[in-house]
Amino acid sequence: MTVLRIVSGSANPGLFSAIANHLGVDSYGCSLERFPDGELHPTIEDVCGADVYVIQPTSPPVNEHFVELLLLLDACRRSRAARVTAVVPYFGYARQDRRTGPGQALGSPVVMDAIVAAGADRLVVVDPHTPALEAMCRIPVETLSAVPALCRELAGDLPEGAVVVAPDLGAVKLAERYAKALHGSVAVVRKQRESGSTVAALDIAGDVSGRRVVVIDDMITTGATIEAAVEKLRAHGAAADIVVAATHGLFVHTAVNRLRKLDLRRVLVTDSTDVKAADAFIRVSSIAPTIADAIARLHADEPLDNPAV
């Protein structure tokens, strides 16, 4: 069998080390030089003839980490790797999957084309913002989910039958998956985005009065969507100790302060990004076992058993 190699970018070294430990393989890092003008110049170790998995979420700063990913893929291709898989736990630009007005670009397919051109033979993502990524890509896309792992953590915080709340219409299917695993019901907040960091919650479909709730989403960026949903839930009489769960914790700008003021019981995210927030109310659940299992199965050309459905 072709030898397995995993290569780390600089975006999330902690997750990379955890994946290497789960796989029981040596890690193949890279040296990253930055020229005075800001250009990145990564150099990898020898991967000639290997089945290579490049682990690099495109978390903030998204553009820098994305360019680093492209250069790492190109380095693997030029080093004559037998197969190169881009493992991108958090996939930036996934929100740009459709145009909402004239003169706009479609970021998702542009980014996909760049990954293919750089040398990736396959892409692995975790709970992307849009399920349409595979349709945009000319190489196989394997979509993993953190929902099973997050539900196991949530089971200790929530009573059976808690209400799973989608903070907007786009999260309804995700909420249904959580509700099925947690044996709960679903409520939906209808929101209106006023700007990139301002959201208004208009109304709620579903009964939350006096009930424990968990607000779920695929990512927390500024915290505006969560803030609007929590305020509307409390106005409708939901139990005070609200839990929030999301796969990707980006926590940009003043997101942590915004969430702290909401007096939440818990905010649960994964280590798909390198979460720096040190607040006690933020808990990080590792998806390293999920990704490591997927890499082992893909290396052995076996089917995956944790698809996002």
Side-chain angles (χ1 to χ4, degrees), residues 4-23 25-34 38-45 47 50-79 81 83-95 107-108 110-129 133 137 139-144 146 219 247-250 252 269-276 284 286-292 294-295 298-299:
L4 170 65
R5 293 280 186 266
I6 60 173
V7 172
S8 174
S10 65
N12 197 342
L15 176 62
F16 172 71
S17 296
I19 292 170
N21 288 337
H22 278 282
L23 289 170
V25 299
D26 293 331
S27 57
Y28 276 65
C30 75
S31 60
L32 181 62
E33 180 183 1
R34 284 181 170 85
E39 285 186 16
L40 302 176
H41 188 232
T43 303
I44 65 171
E45 299 178 29
V47 295
D51 184 18
V52 182
Y53 295 79
V54 178
I55 300 169
Q56 173 80 338
T58 52
S59 49
V62 176
N63 295 334
E64 179 167 323
H65 287 152
F66 175 65
V67 171
E68 184 184 350
L69 170 64
L70 297 181
L71 296 176
L72 288 170
L73 295 172
D74 183 72
C76 292
R77 177 175 62 87
R78 294 179 189 277
S79 297
R83 182 171 63 180
V84 183
T85 299
V87 181
V88 189
Y90 169 68
F91 191 92
Y93 286 97
R95 284 173 285 194
S108 295
V110 170
V111 166
M112 285 289 198
D113 287 346
I115 288 174
V116 175
D121 299 299
R122 181 170 51 199
L123 175 65
V124 176
V125 296
V126 180
D127 289 333
H129 188 71
L133 284 182
C137 197
I139 58 176
V141 178
E142 302 290 351
T143 302
L144 310 180
M219 69 176 77
T247 298
H248 312 293
L250 304 182
V252 302
V269 295
T270 77
D271 55 355
S272 65
T273 65
D274 190 8
V275 178
K276 300 295 187 184
V284 179
S286 182
I287 54 170
T290 298
I291 296 176
I295 289 175
L298 291 171
H299 178 61

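Below, each value reflects all heavy atoms present in this structure, side chains not excepted, and no hydrogens, waters or symmetry copies.
The two residues D127 and A146 have their closest heavy-atom pair at OD2-N, 3.0 Å. Taking all atoms of both residues into account, the shortest heavy-atom contact from D271 to A288 is OD1-N, 4.3 Å. Taking both residues in full, the closest heavy atoms of V62 and G92 are given as CG1-CA, 4.4 Å, listed atom of the first, atom of the second, then distance. Scanning all heavy atoms of the two residues, the minimum distance from H22 to A292 falls at CB-CB, 3.6 Å. Taking all atoms of both residues into account, the shortest heavy-atom contact from R77 to A118 is NE-O, 3.4 Å. Closest heavy-atom contact between L72 and G9: CD1-CA, 3.6 Å.
Partners of E33 under the side chain to side chain donor-acceptor pair (under 3.5 Å) rule, at least two apart in sequence or in another chain, are H41. The side chain to side chain donor-acceptor pair (under 3.5 Å) search around D51 returns Y53, R83, H299, not counting sequence neighbours. F91 is linked by a ring pair (Phe, Tyr, Trp, His ring centres under 6.0 Å) to nothing, counting only residues two or more places apart in sequence or in another chain.
The CZ atom of F66 sits 6.5 Å away from atom CG of L69, with the distance rounded to the nearest 0.5 Å. The distance from the OG1 atom of T85 to the CG atom of L123 is 9.0 Å, given to the nearest 0.5 Å. In this structure, CG on D74 lies 9.0 Å from OG on S79, to the nearest 0.5 angstrom. The structure places CD1 of I115 at 7.0 Å from CD1 of I139, a figure rounded to the nearest 0.5 Å. In this structure, CZ on R5 lies 9.0 Å from CD on E45, to the nearest 0.5 angstrom. A distance of 12.0 Å separates CD1 of I295 from CD of E142, quoted to the nearest 0.5 Å.
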Go through the steps for V124 and I291 under the test side chain to side chain contact (heavy atoms under 4.5 Å, CB included), then give the verdict. CA-CA 9 Å; V124 176; I291 296 176; 5.7 Å; no
Does the side chain to side chain contact (heavy atoms under 4.5 Å, CB included) test come out yes or no for I55 and S8, once each step is laid out? CA-CA 5 Å; I55 300 169; S8 174; 5.5 Å; no
Evaluate side chain to side chain contact (heavy atoms under 4.5 Å, CB included) for V275 paired with V269, printing each intermediate quantity in order. CA-CA 9 Å; V275 178; V269 295; 4.2 Å; yes
Might you work through the side chain to side chain contact (heavy atoms under 4.5 Å, CB included) test for Y90 and L250, ending with a clear yes or no? CA-CA 9 Å; Y90 169 68; L250 304 182; 3.5 Å; yes
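A distance-only check finds a donor-acceptor pair linking the side chain of H248 to the backbone of V126 [under 3.5 Å]. Distance alone, capped at 3.5 Å, is enough to place a donor-acceptor pair between the Q56 side chain and the H65 backbone.
Counting heavy atoms from C-beta on, the side chains of P89 and L15 come closer than 4.5 Å.
There is a side-chain donor-acceptor pair under 3.5 Å between Y93 and N63.
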